[in-house]
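Report on one structure; see the data block that follows.
Below, read A as the first sequence line, B as the second, and so on, with proteins coming before strands; counting in each chain starts at 1.
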There are 2 protein chains.
Amino acid sequence: MAATAALLGLEKKSLREQALAALRTAITSGALEPGRHMVETELSEMLQISRGTLREALRQLQQEGLVSAGARGRLSVRHLDAKEIRDIYSVRAALESLAARTLCELPDRQHVIGSLRAAIQAMEASTHGTLEERVESDLDFHRTMCRLTGNETLLHSWESLEGSIRMSIMFAGLEKGVRNMSVDRHNDIVAAIETGDASLARNTIREHMDSAAAVLVA
Amino acid sequence: MAATAALLGLEKKSLREQALAALRTAITSGALEPGRHMVETELSEMLQISRGTLREALRQLQQEGLVSAGARGRLSVRHLDAKEIRDIYSVRAALESLAARTLCELPDRQHVIGSLRAAIQAMEASTHGTLEERVESDLDFHRTMCRLTGNETLLHSWESLEGSIRMSIMFAGLEKGVRNMSVDRHNDIVAAIETGDASLARNTIREHMDSAAAVLVA
DNA sequence: CAGAGGTCGACTGTTTACAGTCGCCGTGTT
DNA sequence: AACACGGCGACTGTAAACAGTCGACCTCTG
């Protein structure tokens, strides 16, 4: 059946989406170092796709803030300085505060709490995994939080920022980046949401983000 | 000199940017009604550009949430319901709260206050103008607020939301949309920022956004 | 009449080709 | 030696062509 492929995540993505994913990974993994000029012909050959298809992917990457435009449309991998990382985390904090607050106001939070605890368990499971895996499970938790609000716009805004967040972590070094990802902190967030105390949840998120940003730029 | 053209805003934009602007206007003005299927060949002919160029613009529009993808990559003009408008305004409130709070924490706010008052004067000047002009000057004020923070990520996130905001106003009807745009309310915001009281500024913004959303979905 | 199959038309996904522009570098001039 | 100039190469902007897919409608068959 058709749904099987969908359930298994095997639906064949368009070349554009594959290219987009590949480029995102290449940038956030550091394979394409910050500041590097991205030559369309070069990349299209590298990814084995046409320039037209590549350009569509680049537009999306640009919107996500992973590449920035220079003179005459020349694109290059974005370079983040300390201030930009702080700025990114400010916006991230604002969005996730909204998420936490929204979740606090839901009448029935049991399902939400369950999903979040499952995400935390996934983090625990990856504690002794690679740094990349730990980052991944951490971002999963936060993305899940945004998704559970049911606010598509919020989720979309967060996902638009996700690339920048990844770059921030990568830029500061994965070791540093992972330092903020304690299970305890995330349990605090879930606990705050469980109480339904919106301002407590908001403050918990904010502290989490502030300390994360502080560690990253240190 | 080359700078002259730049200063006058006369630099020739790429066809993609022109197309993007044209499509944005067409959608937010209602010329392309919500739900309408956007046929690439049709639009490229209408705009007198090639499909490749058009597709790049469409990718950006998609990222901004003005068009949504259906089956097999079919794009259609996004249709907003009441919940989505509330959701959009929740995110907007979160972003602008951050903006207001950030401005409150600036050591020297005189320049900021001046720019914001100028934006309000522009609103006053358009009080008896067309509805579109009033919406424009209102959005200018809020965009300016985000820009003055110096947080490029915040500005970018807000601008990504701008199209959705415009659609919300358009969808609810311009008459309704304009109802929130009193000069007084905006003076309150500036006054709050001037005092430097971050939580006051935040609450002022939130109330402004909440009532705006309430009027729009009423 | 119902249903299987087949053709057609409308789109999107993707590639290839062409045009314009800017920087670089060698050459010739003063 | 310094500088103006002109050809060359590298890229991006734009257009046009090709390929695949899905639904609609029509037809043939039982």
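- For residues 114-125 of chain B, the set of pairs meeting the side chain to side chain donor-acceptor pair (under 3.5 Å) definition, not counting sequence neighbours, comprises B:R117-B:E194.
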Go along nucleotides 7-16 of chain C 5' to 3' and tag each nucleotide: B for a protein heavy atom under 4.0 Å from its base, S when only backbone or sugar atoms are that close, - otherwise. ----SBBBBB
Scan the side chains in residues 145-154 of chain A for donor-acceptor partners under 3.5 Å anywhere in the protein, sequence neighbours excluded, and list what turns up.
| from | atom 1 | to | atom 2 | distance (Å) |
| --- | --- | --- | --- | --- |
| A:T149 | OG1 | A:C146 | O | 2.6 |
| A:T149 | OG1 | A:N151 | N | 3.1 |
| A:N151 | OD1 | A:T153 | N | 3.1 |
| A:N151 | OD1 | A:L154 | N | 3.0 |
| A:N151 | ND2 | B:D87 | O | 3.3 |

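- Residues that satisfy the side-chain contact (heavy atoms from CB on, under 4.5 Å) test with B:M123, not counting sequence neighbours, are B:S137, B:D138, B:F141, B:M181, B:H186.
- Within the structure, every pair that satisfies the side chain to side chain donor-acceptor pair (under 3.5 Å) test and touches residues 44-56 of chain B, not counting sequence neighbours, is listed here: A:R55-B:E56, A:E56-B:R55, A:R59-B:E56, B:E40-B:R51, B:E40-B:R55, B:S50-B:T53.
- In this structure, B:L54 places its CG atom 16 Å from P of D:dG13, rounding to the nearest Å.
- Taking A:A82 as the reference, A:R86, A:V217 meet the side-chain contact (heavy atoms from CB on, under 4.5 Å) condition, with sequence neighbours excluded.
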